[in-house]
Structure formats: C-alpha cells, structure tokens
Amino acid sequence: MEGWTAAYHAAGIRPRDGASDGAAPRMGPMTAIVYFGEMLVASLLAIVLLAISQLRMSSNAVLFAGGVVALTLAEYVVHRFVLHGFAPTEHRQHHANPDRAVLTIFWQIWICFALVYLIAGGAFVAGALVAYAWYLFVHHCAHHGPDKLPLPLLMHHQSHHRFATRNFGVSTTLWDHLFGTMLG
C-alpha cells in the first residue's frame, strides 16, 4: 500500500490497471516531459512577467488575482460547454482513456495566453499561468498520482469521469458550486 493513504482506501479509491501494489498508473517519459515541462514553463514565464511589470505591486496583485479567477472560470466554461458540448469527440477519448496524456489542445492554450497578454498585460497572464500550472498538476495527479491531491479534489474529478454531466472544474470546485453542476 505504499503511496496510498488509509483515507484514499476508505474512500474506495484504488490503483488502476490491475496494480495491486498501490502504485498509480505509470506514465511514459514523453507524458512526464509534457506535463512537467509545461508546468515549469508556465511557472517560469509567470515569474518573468511579474518581474518585468512596470505597474505598482498593488496593481500587479489585483491583475494577478484576476488572472487566476479568469483562468479557472475559462477552464470550467471550456470543459463544460466546448469539450462536453460543441466538440466532444476528442474529449470522449480522454474519458475512455483517462491515464493517457492530453496533447491535442497544447498549442491553442498558448496562443490564448499570447492574445490575453496583448489585451490584459503581463500580471494578468502571470496569474492565469500560475492557475494553469495548478490545473496541469491537479489533472496529472488525478490520473497518475492520486495520493498527492487533497481527497475532495480527487473525488470531484473522479466523479466527473464517472458522471460526465457534472463536476466540470478540475483545479477548483468553485464554479461547479456557483453554477449548480456540483455532484452530490
């Protein structure tokens, strides 16, 4: 049971892929490079954007917080209405094989960050990038290292994979609570 706490076992969360040693599903080296590389790039870029900002610290703080809120809301809206509504085909593959890396929307996200930078500036994008790095971490851990997440957040995501019409937030449950899509 190494790597799995009693609380996770009590909640019925078990390792996948027939593993009986408690280990989460193994990921290939490319999956790790993509997830952790993107987390690192997003975090470092956020630091650089804040360091070069010409605004006062109070303005940067407000814009940074706005970027965090905006990214989590965008994550919810895109997941709920685009991935489960307008363009569900690719996302169904993720639900069918949740342990595989999601690589199909990588470049579109970075184009959006560039456009938002031109509109809202560096501090706002820095907040969005930090929230995006958190999203990547949570989503990766939900499928490859569930014992590294707070149990409520893990259960929230696992419920979404069981009942795809609820729990659209990945990095936070806030928007599911506010918009009435919280399961249970």
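- In terms of hydrophobic clustering, with Ile, Leu, Val, Met, Phe, Trp and Tyr side chains grouped at heavy-atom distances under 4.5 Å, Leu49 and Leu44 are assigned to different clusters.
- Atom OH in Tyr76 sits 11.5 Å away from atom OG1 in Thr173 (nearest 0.5 Å).
- For the side-chain contact (heavy atoms from CB on, under 4.5 Å) test, residues two or more places apart in sequence or in another chain that qualify with Leu115 are Ile111.
- Pairs passing the ring-ring contact (aromatic ring centres under 6.0 Å, His included) check and including a residue from residues 38-60, sequence neighbours excluded, do not occur.
- Partners of Ile119 by side-chain contact (heavy atoms from CB on, under 4.5 Å), not counting sequence neighbours: none found.
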Query raised in the report: Can you check side-chain hydrogen bond (donor to acceptor under 3.5 Å, both in side chains) on Ser171 and Tyr132, steps first, answer last?
Result: CA-CA 8 Å; Ser171 62; Tyr132 181 59; over 6 Å; no
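- To the nearest 0.5 Å, atoms NE2 (His143) and CD (Gln158) are separated by 8.5 Å.
- Under the side-chain contact (heavy atoms from CB on, under 4.5 Å) criterion, Cys112 pairs with no residue at all, not counting sequence neighbours.
- A donor-acceptor pair shorter than 3.5 Å can be found between the side chains of His161 and His157.
- The minimum heavy-atom distance linking Phe168 with Asp176 is given by the pair N-OD1, 2.9 Å.
- Note: the hydrophobic cluster containing Leu178 also contains Phe81 (ILVMFWY, side chain heavy atoms under 4.5 Å, direct or indirect links).
- Using a 4.5 Å heavy-atom cutoff, the side chains of Trp134 and Thr172 are not in contact.
- For Val69 against Thr72, the heavy-atom pair with the smallest separation is O-OG1, 2.9 Å.
- Although no hydrogens or angles enter the test, the distance criterion places a donor-acceptor pair under 3.5 Å between the side chain of Asn167 and the main chain of Leu183.
- Leu129 contributes atom CG, which lies 11.0 Å from atom CZ of Phe124 (distance to the nearest 0.5 angstrom).
- Hydrophobic clustering places Phe36 together with Leu45 (ILVMFWY residues linked when any side-chain heavy atoms are closer than 4.5 Å, directly or through intermediates).
- The hydrophobic clustering, which links ILVMFWY residues whose side-chain heavy atoms are closer than 4.5 Å, places Leu55 and Val62 apart.
- For the residue pair His144 / His139, no side-chain donor-acceptor distance below 3.5 Å is found, with atom types taken as modelled.
- At a threshold of 4.5 Å between side-chain heavy atoms, the hydrophobic network of Ile, Leu, Val, Met, Phe, Trp and Tyr places Ile47 and Val41 in two separate groups.
- The shortest non-hydrogen separation linking Val125 to Phe113 is CG2-O, 3.9 Å.
- The two atoms that bring Glu75 and Val170 nearest to each other are OE2-N, 2.5 Å, heavy atoms only.
- Across all their heavy atoms, Lys148 and Cys141 have their closest contact at CB-SG, 4.0 Å.
- Counting heavy atoms from C-beta on, the side chains of Val77 and Trp175 never come closer than 4.5 Å.
- Residue Leu50 shares its hydrophobic cluster (ILVMFWY side chains chained together at separations under 4.5 Å) with Phe64, Val68, Val130.
- Scanning both residues, Leu63 and Ala123, for their nearest heavy atoms gives CB-CB, 3.8 Å.
- In this view, Asn60 and Ser53 satisfy the side chain to side chain donor-acceptor pair (under 3.5 Å) rule, not counting sequence neighbours.
- Classified by interplanar angle (parallel below 30°, tilted 30° to 60°, perpendicular above 60°), the ring pair His84/His79 is tilted.
- Side chain of Ser159 to main chain of Met155: a donor-acceptor pair is present (N/O by atom type, distance under 3.5 Å, no hydrogens or angles).
- Taken to the nearest 0.5 Å, the CG atom of Leu136 stands 5.5 Å off from the CE atom of Met39.
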